[in-house]
Chemist: 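Supplied in structure tokens, the structure appears directly below.
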Amino acid sequence: MGWMNGPVITRVSTAQPAAEATKAPPARRRIAGLDAFRGCLVVLRILVGSQVWGLASSVMLHAEGFGLTVADLVFPGFLFIMGLAIPVSMSVFLRSPASHDAGERPDRHAHLLRIVRRAGLLYVIGAFLGAYPFLPEALEHLRFTGVLQRLGIVYLVVSLLYVTCAWSLLPAGGTRGRGGRLLARTFLLGGFPLLCMAFWVVSTYTFHNPWPECVGVRGLVAECSLEAYVDTSLWGVEHNFDGARFDPEGVMSTWVAVVNCWAGLVVGMDVVRNRARYRTTGGVRRRVALLIACGTGCAVAGLALGLVIPIGKHLWTPSYALVTVGIMTVGFGLVLLVFDGELWPKADEPAGVGGASAGRLSRAVRRGFGPVGDTLVALGRNPLFFYVLSELVIITLNHIPVRYHGGEESLWTVGAELGLASWMPGPLASMVWALLWLLLFYVPIARLLMARGWYIRV
């Protein structure tokens with residue numbers, strides 16, 4: 001998948017000699033909803049990341065303290081799609097031994113090496129972005145954590161879980177006993193996330209921070225939490241995000257963040273194991289109904305748990321994990337319904353019950369939806385590339401000083417304030433600024449990459 005395969009730019013070509021083409025088996029239908037859902041999250045990331053601080057609406061910024069905003073959906077979304085890609089890219093572990101050819105048996109050692117290498121590359125790229133543009137003050141207070149660093153660690157943990165326990169989902173056979181199979185399957189499908197969240201809850205709520213300013217603090221307070229104590233004790237407050245007592249991508253909160261990736265893994269395993277159903281319209285619609293039901297249940301459970309444990313991204317609380325897992329599962333189901341469940345009628349379909357006018361409207365909707373869908377798929381083919389590119393663009397423009405109104409602002413801020421905020425409300429100007437970057441910069445690059453067949457993989 002676009003997240004995880006090979007540290008090179010690959011070009012996919014469909015051309016082949018005529019003699020070979022006649023011998024080739026029929027092409028299998030690609031599940032467009034997988035790429036489109038990743039594309040939706042890339043769009044959300046660009047829109048959120050391209051907001052202008054001081055102008056943006058609060059809903060497009062991360063919640064201060066506890067709460068949930070649109071911006072708080074981006075990171076769990078990327079964890080979800082990363083988990084979704086794991087079984088799709090390593091589907092060999094979900095095939096029964098009888099179905100393998102001699103050269104197709106899973107080479108566990110080779111897969112483990114690739115998993116470690118990819119996790120390490122994600123961490124290194126994240127460290128590079130954290131140090132960029134390599135100013136002395138940035139290097140002096142360099143963070144050891146970050147978005148891509150967490151993605152690398154979580155990918156390593158969840159991939160190892162998959163490679164180790166996926167065999168338990170195959171038909172019984174071989175020398176492994178029924179008890180071991182049941183234990184591995186239970187751990188893979190439910191025990192693992194419950195263990196992670198239980199560890200977080202017990203350790204967080206039984207911890208008493210010894211710092212003098214935290215002696216009388218009761219309840220879940222970020223600055224006096226176990227997360228703050230562990231992060232500050234490990235590397236010092238100067239290496240936390242913004243010099244705070246805790247780091248939002250710190251050690252303890254990663255225990256719960258793996259749950260979001262695990263949820264994507266479970267959905268991805270369902271896609272691989274029921275691929276035939278996902279290739280028919282009726283099958284897709286039935287799986288979508290199941291996804292929406294499960295996602296709604298997770299979201300409701302998270303909201304209920306939020307009455308006891310506050311919902312918050314900065315500590316990645318279990319309630320936050322459950323709510324965002326539910327939102328992502330429902331979102332994936334809806335995108336799958338649109339792209340593979342034929343929610344929109346085809347342009348060449350007859351008018352049907354609604355008559356000719358309804359048919360014309362349906363075809364118009366289809367024609368208008370087509371370019372949007374193609375663009376989402378194009379963005380979803382290279383999600384990591386666009387994340388890194390957007391970070392480099394924003395960081396670079398934010399470090400270019402410009403004299404503005406007698407003071408000094410960054411080129412990024414001045415571009416939005418001078419060009420847009422001077423004649424429209426600040427939140428609207430910030431959103432328009434982000435949309436312009438998306439439509440005029442990132443979308444053309446995505447369409448070009450897809451037209452060329454280039455996939456930039458890690």
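Computation of the quantities below employed the complete heavy-atom set of this structure, encompassing side-chain atoms and omitting hydrogens, waters and symmetry-equivalent molecules.
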Chemist: Would you say Trp167's side chain and Thr164's backbone share a donor-acceptor pair under 3.5 angstrom?
Modeler: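 Pair found, side chain donor or acceptor close to backbone of Thr164.
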Chemist: Can you find a heavy atom in the side chain of Phe339 that is under 4.5 Å from one in the side chain of Leu34?
Modeler: no
Chemist: Whether the side chain of Ser319 engages the backbone of Leu305 through a donor-acceptor N/O pair (distance < 3.5 Å, no angle test) should be reported.
Modeler: no
Chemist: Is there a side-chain contact between Ile153 and Val258 in this structure, where contact means two heavy atoms from C-beta onward sitting under 4.5 Å apart?
Modeler: no
Chemist: Would you confirm whether Arg245, through its side chain, and Asn240, through its main-chain N or O, come within 3.5 Å as a donor-acceptor pair?
Modeler: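 Not a single qualifying donor-acceptor pair exists.
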Chemist: If you take all heavy atoms of Val325 and Ala263, which pair is closest and at what distance?
Modeler: CG1-CB, 3.6 Å
Chemist: With a 3.5 Å distance limit and no angle check, can you tell me whether His208 reaches the backbone of Val215 through a side-chain donor-acceptor pair?
Modeler: no
Chemist: Is the backbone N or O of Arg277 less than 3.5 Å from a side-chain atom of Thr280, with the two atoms forming a donor-acceptor pair by type?
Modeler: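 At least one qualifying donor-acceptor pair exists.
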Chemist: When you compare the side chain of Leu79 with that of Phe75, does any pair of heavy atoms fall below 4.5 Å?
Modeler: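 Sidechains of Leu79 and Phe75: in contact.
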Chemist: Would you call the rings of Trp200 and Tyr205 parallel, tilted or perpendicular, taking 30° and 60° as the class edges?
Modeler: perpendicular
Chemist: Nearest heavy-atom pair of Phe134 and Leu139: which atoms, and what distance?
Modeler: O-CD1, 4.0 Å
Chemist: With rounding to the nearest 0.5 Å, note down the distance linking OH in Tyr455 to CZ in Arg381.
Modeler: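 The OH atom of Tyr455 sits 4.0 Å away from the CZ atom of Arg381.
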Chemist: Are any non-hydrogen side-chain atoms of Leu189 and Met269 less than 4.5 angstrom apart?
Modeler: yes
Chemist: So, Arg273 side chain and Leu170 main chain: donor-acceptor pair closer than 3.5 Å or not?
Modeler: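 No, because the side chain of Arg273 does not come within donor-acceptor range (under 3.5 Å) of the backbone of Leu170.
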Chemist: Would you check if the side chain of Asp35 reaches a backbone N or O of Ala378 as a donor-acceptor pair within less than 3.5 Å?
Modeler: no
Chemist: Could you name each residue pair satisfying side chain to side chain donor-acceptor pair (under 3.5 Å) that touches residues 251-269, not counting sequence neighbours?
Modeler: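 Pairs touching residues 251-269 that pass the test: Arg150-Ser253, Arg150-Thr254, Asn260-Trp316, Asn260-Thr324.
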Chemist: Could you check Thr186 against Leu183 for side chain to side chain contact (heavy atoms under 4.5 Å, CB included), going step by step and ending with a plain yes or no?
Modeler: CA-CA 5 Å; Thr186 301; Leu183 182 62; 5.6 Å; no
Chemist: Report the relative orientation of the aromatic rings in His111 and Phe93; use parallel for angles under 30°, tilted for 30 to 60°, perpendicular for over 60°.
Modeler: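 Plane angle over 60°, so perpendicular.
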Chemist: Check whether Asp340 reaches the backbone of Ala32 with its side chain - one donor and one acceptor, N or O, closer than 3.5 Å.
Modeler: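 A pair under 3.5 Å: yes.
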Chemist: Does any non-hydrogen side-chain atom of Leu161 lie less than 4.5 Å from one of Leu265?
Modeler: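 The answer is yes; the side chains approach within 4.5 Å.
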Chemist: Using the ring centroid of each side chain, check whether Tyr123 and Phe144 are separated by less than 6.0 Å.
Modeler: no
Chemist: Nearest 0.5 Å, what's the OH-CZ distance between Tyr278 and Arg287?
Modeler: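 Between Tyr278 OH and Arg287 CZ, I get 5.0 Å after rounding to 0.5 Å.
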Chemist: Quick one, Phe128 and Leu148 - any side-chain contact, counting heavy atoms below 4.5 Å?
Modeler: no
Chemist: Can you check whether Ala244's main-chain N or O pairs, donor with acceptor, with Asp242's side chain at less than 3.5 Å?
Modeler: no
Chemist: Can you tell me how far the OG atom of Ser89 sits from the CD1 atom of Ile115, to the nearest 0.5 Å?
Modeler: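 Reported value, rounded in 0.5 Å steps: 8.5 Å.
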Chemist: For a 4.5 angstrom cut-off between non-hydrogen side-chain atoms, does Leu73 reach Val48?
Modeler: no
Chemist: Show the atom names and distances, to 0.1 Å, of all donor-acceptor pairs under 3.5 Å that link a side chain in residues 427-444 to residues at least two apart or in another chain.
Modeler:
{"residue": "Ser430", "atom": "OG", "partner": "Gln51", "partner atom": "OE1", "Å": "2.6"}
{"residue": "Ser430", "atom": "OG", "partner": "Val52", "partner atom": "N", "Å": "2.9"}

Chemist: For the atom pair CG (Leu379) and CD1 (Ile46), what is the distance rounded to the nearest 0.5 Å?
Modeler: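 Result: 6.0 Å between the selected atoms.
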Chemist: At what distance, to the nearest 0.5 angstrom, does CD of Gln149 lie from CD1 of Ile125?
Modeler: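 Nearest 0.5 Å value for the CD-CD1 distance: 10.5 Å.
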Chemist: Using atom types as modelled and distance alone, determine if a side-chain donor or acceptor of Arg45 lies under 3.5 Å from a backbone N or O of Val74.
Modeler: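 Not a single qualifying donor-acceptor pair exists.
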Chemist: Could you check if a side-chain atom of Leu220 sits within less than 4.5 angstrom of a side-chain atom of Pro310, using non-hydrogen atoms only?
Modeler: yes
Chemist: Going by disulfide bond (SG atoms under 2.5 Å apart), name the pairs with one or both residues in residues 202-240, residues two or more places apart or in two chains.
Modeler: Cys214-Cys224
Chemist: Walk me through whether Asn209 and Val217 qualify under side chain to side chain contact (heavy atoms under 4.5 Å, CB included).
Modeler: CA-CA 9 Å; Asn209 197 313; Val217 173; over 6 Å; no
Chemist: Angle between ring planes, His141 versus His239, binned at 30° and 60°: parallel, tilted or perpendicular?
Modeler: tilted
Chemist: On a heavy-atom basis, which atom in Val147 and which in Glu249 lie closest, and how many Å separate them?
Modeler: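 Between these two residues, the closest heavy atoms are N-CG, 4.1 Å.
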Chemist: What donor-acceptor contacts under 3.5 angstrom involve side-chain atoms of residues 411-424, with partners at least two apart or in another chain?
Modeler:
{"residue": "Thr413", "atom": "OG1", "partner": "Ser410", "partner atom": "OG", "Å": "3.0"}
{"residue": "Ser422", "atom": "OG", "partner": "Leu418", "partner atom": "O", "Å": "3.1"}
{"residue": "Trp423", "atom": "NE1", "partner": "Gly419", "partner atom": "O", "Å": "2.8"}

Chemist: CG of Leu337 to CZ of Phe332: how many Å apart, nearest 0.5 Å?
Modeler: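 Reported value, rounded in 0.5 Å steps: 11.5 Å.
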Chemist: Can you tell me if CZ on Arg286 sees more than 12 non-hydrogen neighbours from other groups inside 6.0 Å?
Modeler: no
Chemist: Tell me the closest heavy-atom pair linking Pro383 and Arg38, and the distance in Å.
Modeler: CG-CD, 4.1 Å
Chemist: So, for Val272 and Pro87, which heavy atoms are closest and what is the spacing to 0.1 Å?
Modeler: CG2-O, 3.5 Å
Chemist: Apply side chain to side chain contact (heavy atoms under 4.5 Å, CB included) to Thr296 and Val330, showing your working.
Modeler: CA-CA 7 Å; Thr296 302; Val330 171; 4.0 Å; yes
Chemist: What do the steps show when you test Phe80 against Thr329 for side chain to side chain contact (heavy atoms under 4.5 Å, CB included), and what is the final call?
Modeler: CA-CA 9 Å; Phe80 185 89; Thr329 305; 3.7 Å; yes
Chemist: Which pairs count as side chain to side chain donor-acceptor pair (under 3.5 Å) when at least one residue sits in residues 53-72, sequence neighbours excluded?
Modeler: His62-Asp72, Thr69-Asp72
Chemist: Mind checking side-chain contact (heavy atoms from CB on, under 4.5 Å) for Phe241 and listing every partner two or more places apart, or none if nothing turns up?
Modeler: Arg143, Asp247, Pro248
Chemist: Indicate the atoms forming the closest heavy-atom contact of Ser225 with Leu315, along with that distance.
Modeler: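 Taking every non-hydrogen atom into account, OG-CD2, 3.9 Å.
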Chemist: Please state whether the rings of Phe192 and Phe187 are parallel, tilted or perpendicular, taking 30° and 60° as the class boundaries.
Modeler: perpendicular
